[in-house]
Amino acid sequence: MILDVEPLNQPQREALVGFIVIQRIRNPHFIESLKKSFAPVVASEVGIGKAESKLYMRAVYETLYSQHEFYDKLAKPIIYSRWVIVRSATPDFVLPDVCNLFGVHEGRRYVLMPLTPKDCLVVLPFEVKEPRIIPHYIMASCSMVRDVSYVLRCAAKHEFLSAKGASFSSTDEEPNKVMQRIILSIAKITADE
């Protein structure tokens with residue numbers, strides 16, 4: 001529906017946010033970083049043996065799925081932010097092995113999530129009182145496509161998937177600086193809509 005510019009009602013919007021969050025917390029790289037951060041706490045609370053037990057650590061990780069407060073901290077800023085579908089004329093958006101990119105800009109969460117090689121959902125770090133039933137849609141300039149693709153490739157831990165016809169240019173810019181440029185550019189384009 002989101003790719004076909006169809007209106008999203010509240011349950012559909014919440015389902016998409018749920019998908020975004022679940023993809024984030026089920027990602028193997030996220031799971032591994034959580035296990036590493038949980039291990040010292042588990043070791044000090046219940047012993048080193050439990051911290052080294054894959055089965056026990058998996059059970060600790062699985063408790064996240066019943067932590068509504070944790071889920072809300074990830075989901076709520078996404079629901080009440082400006083959504084923009086950035087479209088490209090070329091198949092240059094990649095799918096990093098982390099699936100989507102969560103970040104913070106000026107104290108608010110943003111999300112960058114490729115949907116297809118030509119479509120990328122950008123959840124801007126700007127709060128809205130009432131979410132739009134149809135997100136903003138913009139056709140990206142060549143420089144924006146290059147920037148989005150670059151940030152997605154930099155987010156990959158080991159690898160990414162791309163369309164056969166994708167073209168990549170390299171830059172030495174800090175990915176956070178590029179992401180800030182993307183956010184400000186998209187915000188300016190969608191400000192009057």
Side-chain angles (χ1 to χ4, degrees), residues 1-27 29-30 33 67-89 92-96 98-156 160 171 173-193:
M1 290 178 70
I2 201 165
L3 294 175
D4 291 334
V5 195
E6 293 180 28
L8 297 175
N9 62 30
Q10 190 64 21
Q12 291 164 332
R13 189 177 178 89
E14 289 172 3
L16 183 55
V17 170
F19 176 75
I20 292 168
V21 171
I22 292 300
Q23 290 302 310
R24 179 68 176 174
I25 64 177
R26 283 191 176 174
N27 181 278
H29 299 291
F30 185 79
S33 69
Q67 298 297 319
H68 300 296
E69 186 177 321
F70 174 74
Y71 177 84
D72 283 347
K73 282 188 178 201
L74 291 176
K76 198 168 192 174
I78 298 171
I79 291 174
Y80 292 101
S81 293
R82 188 182 315 166
W83 290 17
V84 181
I85 302 298
V86 176
R87 294 202 148 149
S88 170
D92 293 338
F93 297 144
V94 303
L95 176 62
V98 295
C99 184
N100 53 35
L101 173 63
F102 277 48
V104 176
H105 173 77
E106 296 183 359
R108 294 241 341 130
R109 180 169 314 285
Y110 66 81
V111 177
L112 191 63
M113 183 168 181
L115 302 172
T116 74
K118 292 184 177 186
D119 299 283
C120 188
L121 171 65
V122 180
V123 178
L124 293 174
F126 307 119
E127 188 173 357
V128 295
K129 290 182 179 165
E130 187 64 36
R132 293 169 51 113
I133 61 169
I134 299 177
H136 297 271
Y137 288 79
I138 64 170
M139 191 59 151
S141 65
C142 291
S143 61
M144 185 182 292
V145 169
R146 185 175 50 249
D147 283 351
V148 170
S149 180
Y150 173 71
V151 169
L152 289 169
R153 290 191 323 269
C154 288
F160 58 84
T171 180
E173 276 189 278
E174 166 64 33
N176 288 333
K177 184 176 179 183
V178 176
M179 191 65 216
Q180 182 177 9
R181 182 170 58 238
I182 293 166
I183 290 168
L184 297 175
S185 178
I186 294 172
K188 184 176 180 183
I189 293 168
T190 60
D192 296 327
E193 287 186 32

Could you please spell out the steps behind the side chain to side chain contact (heavy atoms under 4.5 Å, CB included) verdict for Tyr110 and Ile183?
-> CA-CA 9 Å; Tyr110 66 81; Ile183 290 168; 3.7 Å; yes

Residue pair Asp119, Tyr137: steps toward the side chain to side chain contact (heavy atoms under 4.5 Å, CB included) verdict = CA-CA 10 Å; Asp119 299 283; Tyr137 288 79; over 6 Å; no

Please walk me through it: do Phe160 and Leu95 pass side chain to side chain contact (heavy atoms under 4.5 Å, CB included)?
-> CA-CA 5 Å; Phe160 58 84; Leu95 176 62; 5.9 Å; no

Could you go through the side chain to side chain contact (heavy atoms under 4.5 Å, CB included) check for Arg108 and Phe126 one step at a time?
-> CA-CA 7 Å; Arg108 294 241 341 130; Phe126 307 119; 5.9 Å; no

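With contacts defined as side-chain heavy-atom distances shorter than 4.5 Å, the pair Leu101/Pro96 does not qualify. For the pair Ser81/Leu124, no side-chain contact is recorded, criterion being any heavy-atom separation below 4.5 Å from C-beta on. Between Val178 and Arg181 the shortest side-chain heavy-atom distance falls below 4.5 Å. Residues Arg24 and Val111 form no side-chain contact, since every pair of their non-hydrogen atoms from C-beta on lies 4.5 Å or further apart. Contact of the Met139 side chain with the Ile189 side chain is not registered, since no non-hydrogen atoms from C-beta on lie closer than 4.5 Å. Put simply, the side chain of Val86 does not reach to within 4.5 Å of the side chain of Ile182, judged on heavy atoms. Contact of the Cys120 side chain with the Leu112 side chain is registered, since non-hydrogen atoms from C-beta on lie closer than 4.5 Å.
Expressed to the nearest 0.5 Å, how far CE of Met179 lies from CG of Leu184 amounts to 10.0 Å. Distance CD1/Ile133 to CD/Gln12: 10.0 Å, rounded to 0.5 Å. The CE atom of Met113 sits 14.0 Å away from the CZ atom of Phe93 when rounded to the nearest 0.5 Å. How far CG of Leu121 is from CD1 of Ile85: 4.5 Å, rounded to the nearest 0.5 Å. Once rounded to the nearest 0.5 Å, the distance linking CZ of Arg132 with CH2 of Trp83 reads 12.5 Å. Annotation: the span from Glu127 atom CD to Lys76 atom NZ amounts to 9.0 Å, rounded to 0.5 Å.
Looking at Ser149, its side chain does come within 3.5 Å of a backbone N or O of Asp92 through a donor-acceptor pair. In this structure a side-chain-to-backbone donor-acceptor pair under 3.5 Å is present from Asn27 to His29. Side-chain N or O atoms of Asn100 include one that pairs as donor or acceptor with a backbone N or O of Ile20 at under 3.5 Å. A distance-only check finds a donor-acceptor pair linking the side chain of Arg13 to the backbone of Ile79 [under 3.5 Å].
In terms of heavy atoms, Val94 sits closest to Pro114 at O-CG, 3.2 Å. Of all heavy-atom pairs between Arg82 and Ala191, the closest is NH1-N, 4.0 Å.
The local environment of CD in Glu106 is sparse, with at most 12 non-hydrogen atoms from other residues, nucleotides or ligands closer than 6.0 Å. More than 12 non-hydrogen atoms from other residues, nucleotides or ligands lie less than 6.0 angstrom from CZ of Phe30.
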